[in-house]
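Notes follow the structure.
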Amino acid sequence: MKWFPYQQLFDVIKNKNNFLVLKNFQEYGNLSKIFKETEMNEVDVKTSLKSLEKLSLVKKEADVFILTGIGEQVMKKTKGISFLSSNNNYFLNHTFEEISNSLLQRIEAFSNCSTINGLWPVSTRFVDMVKNTSEYVKCIFTEPPFILAEPLHEKIQSGIKLKILFGQNSKLPDCNELVEKLELNKPKQNPLFEKRICENIVTNVVVTDNGACLMLGSKNHETDMVNAVVGNDANFIRWCNDFFDFKWNQGESFARLRV
Amino acid sequence: MQDIDLLSALASEPRLEILQMLKDSNLKSAQIAKELSISLQALTRHIDKLIDSKMIEKTTDGRFQLSSIAKVSLIQMPFFEFLSKNHKYFSTHDFTGIPPHLVARIGELVECKMEPDFMKSIQLAKEFCNNAKKFLYGVTCTLPMEIFDMFLEKDNSFQWKNAYGTNTIIAKGFSEYPARKKCIKTFSKERFHEKIVKNIPIVCAITENGSQLLFANKELGQVDGVGGVFFGSDEKSIQWCRELIDYYWSAPEIKGFSLKEQ
């Protein structure tokens, strides 16, 4: 049997008491709050602290227990993985295949996200994000939603930078308002609006300075814009920005779309 | 509690091994049991636990495969491995000065070896610099003057790029050290480039052969030099360290600042 050095770590933190103490330490930072939040008795808390101390997840300094750097990071990472597990309805039916390993390692970026489903809840979220932006909008679309046509047009007029990435597989019916409003089928150059095309797109994303909306591809490797992961904390926005940049750098500028 | 279910699924060597096996290919129960040298009955308990925690799924042809959740979870394992192996070091050191997106990827340092002995680590660090033939890039809060003598012995294509922090402390005589003055005077910025940026609480360097890294002491808020040094020679650790160096290198330069000599 192979040896996994981290198996002992999971063995300790899988214990309900140990996990609760560590989780509440991370959230509240002191023992008296842990007693209150967990309703554990003193003996159980002390037993847990001893187990956690052995693995350097907590440390005693001048008779006071503190969370170590390692303890904090372990909890952050665990919280990120737990997000996937808690939203397994979504993640079991979607794929991370387009996402690089270095981005997937940063799963804690998802810790404060939520999932939404339904075409209109997801679309309305795009519109709100675009309307509330004060700096930039970056989008990756297989099928750009017409609902964004007016908000994006207004934002460009007000000086907000826009970047849109399409794929060779992107579908654009000629009645799409977005095509008309942004003049995607004309070779007009607007310094605030950049567009590129890359080989293939399945995962779609909308990122602004105030939030991000990520739509992973389905298990059948098709775009799904009816279900999304959304968040507005800095880590998730940064993650989505890095994903956008990763795909953007695979693309090339083009003059106009043929619809 | 879903968190606990997931952690329970992972807190077992046989289950971790099953997950690793399924990374390479979908397998039937009999194949897994044979590989693990356990009975089908014993295997079933583990398989059930992994299915309940949504880590594996059964395919239409009766094999087992990793779920998307398991695939992403397994990518996090080097992170846990690195921290587990070095937990004593990280009881006194932390990630001060490491941006969050790199802390999340600390698993890329899993192949690094930590040298705990202070004098030995200085010797290894010297060899690390001497063995560089193409370049030495780094960020540091401390630096020996003799490194500039080493630089002068390198051939004409060798590149040096180093960022100091406003907290960097160097030995007395550093600014007037002849070898350093010669480097500044003689070489173009393509060959010899230094800058002072904001506070740097860590030490990190790469050459074409390897990486070297010291984390900050939690109490001091910067390196202590006595806890241990991480040395790596694999591509992942070099790339991780390169990104850390680039993070500091891209910070605004603090002009007109003189480093503190002691």
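Sequence lines set the chain letters: A, B, ... in the order given, protein chains first and strands last, and positions in each chain run from 1.
The residue among B:F95, B:F80, B:F90, B:W240 with the most heavy atom pairs within less than 4.5 Å of chain A is B:F80. Ranked by non-hydrogen atom pairs under 4.5 Å with chain B, the options A:H94, A:R106, A:K77, A:K76 are led by A:K77. With chain A as partner, the option from B:I75, B:V103, B:T96 having the largest number of non-hydrogen pairs under 4.5 angstrom is B:I75. Ranked by heavy-atom pairs under 4.5 Å with chain A, the first of B:S12, B:S84, B:S68, B:A11 is B:A11. Between chain A and the residues B:K236, B:K71, B:E108, B:M55, the most heavy-atom pairs under 4.5 angstrom are made by B:E108. Interface remark: of the candidates A:T68, A:V58, A:N15, A:L92, A:L92 forms the most heavy-atom pairs closer than 4.5 Å to chain B. Among the candidates A:I99, A:T95, A:I70, A:L103, the residue making the largest number of heavy-atom pairs closer than 4.5 Å to chain B is A:I70. Heavy-atom pairs under 4.5 Å with chain B were tallied for A:L57, A:V12, A:I13; the largest tally goes to A:I13.
By the 30° and 60° cut-offs, the orientation of the rings of A:F10 relative to A:Y6 is perpendicular.
By the 4.0 Å N-to-carboxylate-O rule, A:D242 lies close enough to A:R238 to be salt-bridged with it.
For A:L216, no part lies under 4.5 angstrom from a heavy atom of chain B. In this structure, the portions of A:Q7 lying under 4.5 Å from any heavy atom of chain B include both its backbone and its side chain. Only the side chain of A:K219 comes within less than 4.5 Å of a heavy atom in chain B; its backbone stays farther off. Contacts of A:F91 with chain B are made by both backbone and side-chain atoms, with heavy-atom separations under 4.5 Å. Of the atoms belonging to A:E61, it is side-chain heavy atoms, and not backbone ones, that fall under 4.5 Å from chain B. With a 4.5 angstrom heavy-atom cutoff, A:N235 touches chain B only via side-chain atoms. Only the side chain of A:L9 comes within contact range of chain B, with heavy atoms under 4.5 Å apart. At a 4.5 Å heavy-atom cutoff, B:E243 makes no contact with chain A through either its backbone or its side chain.
Side chains of B:N167 and B:Q222: a donor-acceptor N/O pair is present below 3.5 angstrom, by distance only. There is no side-chain donor-acceptor pair under 3.5 Å between B:Y248 and B:N199. Side-chain N/O atoms of A:E108 and A:Q73 include no donor and acceptor closer than 3.5 Å. For the residue pair A:T203 and A:E98, a side-chain donor N or O sits within less than 3.5 Å of a side-chain acceptor on the partner.
Legend: ring pair (Phe, Tyr, Trp, His ring centres under 6.0 Å) pairs involving residues 218-239 of chain B, not counting sequence neighbours, sorted by first then second residue: B:F82-B:F230, B:Y89-B:F230, B:F215-B:F230.
Between A:C139 and A:V205 there is no side-chain heavy-atom pair separated by less than 4.5 Å. With a 4.5 Å cut-off on side-chain heavy atoms, A:D209 and A:S134 count as touching.
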Return a table of donor-acceptor pairs under 3.5 angstrom between the side chains of residues 36-49 of chain B and protein atoms on other chains or two or more places apart.
| from | atom 1 | to | atom 2 | distance (Å) |
| --- | --- | --- | --- | --- |
| B:S39 | OG | B:A42 | N | 3.0 |
| B:T44 | OG1 | B:L40 | O | 2.7 |
| B:H46 | ND1 | B:R15 | NH1 | 3.1 |

